[in-house]
Amino acid sequence: MRVVMFGYQTWGHRTLQALLDSEHDVVTVVTHPRSEHAYEKIWSDSVADLAEKHGIPVIIRNRPDGELVERLKEVAPDIIVANNWRTWMPPEIYNLPVHGTLNIHDSLLPAYAGFSPLIWALINGEPEVGVTAHLMDEELDAGDIVIQRSVTVGPTDTTTDLFHRTVDLIAPVTTEALGLIASGQTEFTRQDRSKASFFHKRAEEDIRIDWSWPAEDLERLIRAQSAPYPSAFTFHKGQRLEVVSAVVSEGRYGGTPGRIFYREGDGVVIVAGADARTGRNHGLAITRVRTGDGRELPATEYFTSMGGYLTGRP
């Protein structure tokens, strides 16, 4: 089939490479310009560079426009394949090819449609994550599922771990889905919209630690924001403090959320949970921190004495 590929960053790069390795003919690539957004500089393998290396025409757009529609009509693709296209795609584009548009999304749809699905899924304690190939329609990430593959989330996994495992699913999911479509199959699995959830892009406010969260949720937030993602942060004595690593405490600690309370093992326990006053909660044992000047050190060295509070604001 003649394929136009829409994509960006490493997800798009892997998808384009899968298409180049397949029997299909990539006739045009559409991608976004380079970005300085904190999350878009991560996993930023260039789709444009890969396409140009293989002599494929590249169109760079922040969002589709009339000129792009006309150019796509000229190349007459049989199908569009998209992965990590970051802006709305109008129906005159996704319905243009005879086989429509196949979108590759890094979640187990219908859950975690939208943005940063791996981070949100890890924060929420999901037992598995994955990749879905679905046909695009008027609602974002809501079209019929062609194929879906999953991987298990381990108790110490970070978003980086999950990224590497799910990005390896892109090539087989893409090529298998295209194979089914090329074979003439047209009936696929409708999404159960009662189980759908949609998430926004991550931003600074999303990594601010809220000590009213249970320690178990905060521990997953820390893992979800592991390097190279921006670290979750709090404030100590009015200064920003990033939490690099932490574990749920063995003991249960009562009091006021955010209290710097007790040394336990290699960590310093912070009281956590909206009902921490009951004394039934585990705390968050911070093990490594990073200060505002970029110094990273063990929490037991940073917190030279117990007492005081970590807060959400200076």
Side-chain angles (χ1 to χ4, degrees), residues 1-20 22 24-35 40 46-52 54-107 109-110 113-115 117 131-147 170 173-175 177-182 184-188 190-191 193 196 198 200-201:
M1 292 189 294
R2 289 171 57 82
V3 180
V4 166
M5 189 267 172
F6 278 66
Y8 190 51
Q9 295 178 278
T10 300
W11 295 270
H13 188 280
R14 288 291 189 99
T15 304
L16 177 56
Q17 187 61 61
L19 293 170
L20 293 170
S22 75
H24 305 290
D25 182 20
V26 182
V27 293
T28 298
V29 165
V30 186
T31 189
H32 297 302
R34 294 186 186 274
S35 170
E40 292 182 356
S46 173
V47 171
D49 289 352
L50 179 60
E52 291 168 355
H54 289 269
I56 300 168
V58 176
I59 302 171
I60 296 178
R61 290 288 189 279
N62 275 314
R63 52 186 52 82
D65 54 23
E67 180 186 352
L68 176 60
V69 173
E70 293 306 312
R71 292 180 67 176
L72 294 179
K73 288 179 179 178
E74 291 174 4
V75 299
D78 297 311
I79 193 167
I80 292 172
V81 176
N83 192 343
N84 201 37
W85 179 255
R86 311 288 281 180
T87 57
W88 180 68
M89 187 182 293
E92 56 263 40
I93 289 182
Y94 68 71
N95 284 332
L96 188 153
V98 63
H99 294 295
T101 294
L102 181 74
N103 186 51
I104 314 299
H105 181 71
D106 56 335
S107 85
L109 294 174
F115 299 91
V131 172
T132 301
H134 70 97
L135 295 173
M136 190 175 288
D137 64 14
E138 68 279 1
E139 189 173 352
L140 185 60
D141 295 334
D144 290 357
I145 294 172
V146 180
I147 189 173
I170 288 175
V173 164
T174 301
T175 54
L178 285 177
L180 292 172
I181 293 169
Q185 186 169 333
T186 57
E187 296 295 323
F188 300 105
R190 293 185 66 83
Q191 293 192 38
R193 301 310 297 156
F198 182 81
H200 60 74
K201 293 180 181 180

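Since the structure is predicted, the reported quantities are computational estimates derived from the model, not experimental observations.
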Open item on the list: Go through it in stages, so that I can follow the logic: the residues are E139 and R193, the test is side-chain contact (heavy atoms from CB on, under 4.5 Å), and I'd like the CA-CA distance, side-chain angles, deciding distance and then a yes or no.
Closed with: CA-CA 11 Å; E139 189 173 352; R193 301 310 297 156; 3.2 Å; yes

- Task: Applying side-chain contact (heavy atoms from CB on, under 4.5 Å), run through F188 and I145 and close with a yes or a no.
- Result: CA-CA 6 Å; F188 300 105; I145 294 172; 6.0 Å; no

Please determine whether side-chain contact (heavy atoms from CB on, under 4.5 Å) holds for the pair V3 and V27, giving the CA-CA distance in whole Å, both sets of side-chain angles, and the decisive distance to 0.1 Å.
CA-CA 6 Å; V3 180; V27 293; 6.0 Å; no

Is there a side-chain contact (heavy atoms from CB on, under 4.5 Å) between M5 and T15? Walk through the geometry before answering. CA-CA 8 Å; M5 189 267 172; T15 304; 3.9 Å; yes

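In terms of heavy-atom proximity, R61 sits nearest to P33 at O-CD, 3.6 Å. Closest approach of A18 and T175 over heavy atoms only: O-CG2, 4.0 Å. Among all heavy-atom pairs drawn from I104 and N83, the shortest one is O-OD1, 3.1 Å. Listed here is the closest heavy atom pair of L68 and I93: CD2-CD1, 4.0 Å. Contact record, L140 with A113: O-CB, 4.3 Å, taken as the closest heavy-atom pair. Of all the heavy atoms in L16 and A51, the pair that sits closest is CD2-N, 3.8 Å.
Using the six-membered ring where Trp is involved, H32 and W85 have ring planes that are parallel, under 30° apart on the 30 and 60° scheme.
To the nearest 0.5 angstrom, M136 atom CE is 13.0 Å from D144 atom CG. Atom NE2 of residue H54 and atom CG of residue L50 lie 5.0 Å apart, to the nearest 0.5 angstrom. To the nearest 0.5 Å, atoms CG (L135) and CD1 (I80) are separated by 12.0 Å. In this structure, CD in Q17 is found 11.5 Å from OG1 in T174, a value given to the nearest 0.5 Å.
Looking at R71 and E74, no side-chain N of the basic residue comes within less than 4.0 Å of a carboxylate O on the acidic one, giving no salt bridge. With respect to D49 and R34, a salt bridge is recorded, a charged nitrogen being found less than 4.0 Å from a carboxylate O.
Residues P64 and W88 form no side-chain contact, since every pair of their non-hydrogen atoms from C-beta on lies 4.5 Å or further apart.
With hydrogens and angles ignored, the 3.5 Å screen pairs a side-chain donor or acceptor of Q9 with a backbone N or O of E40. Of the possible polar contacts, none joining the N84 side chain to the G7 backbone as a donor-acceptor pair under 3.5 Å is found. Using modelled atom types, one side-chain atom of Q185 and one backbone atom of E187 make a donor-acceptor pair closer than 3.5 Å. For the pair D106 (side chain) and V131 (backbone), a donor-acceptor distance under 3.5 Å is absent. Of the possible donor and acceptor atoms, one in the side chain of Y94 sits under 3.5 Å from a partner among the backbone N and O of E138.
When only modelled atom types and interatomic distance are considered, N103 and D141 share a side-chain donor-acceptor pair under 3.5 Å. With hydrogens and angles left out, the side-chain atoms of H134 and T132 include no donor and acceptor closer than 3.5 Å.
Checked options L96, T28, V26, D25; the residue passing with P77 is L96 (criterion: side chain to side chain contact (heavy atoms under 4.5 Å, CB included)).
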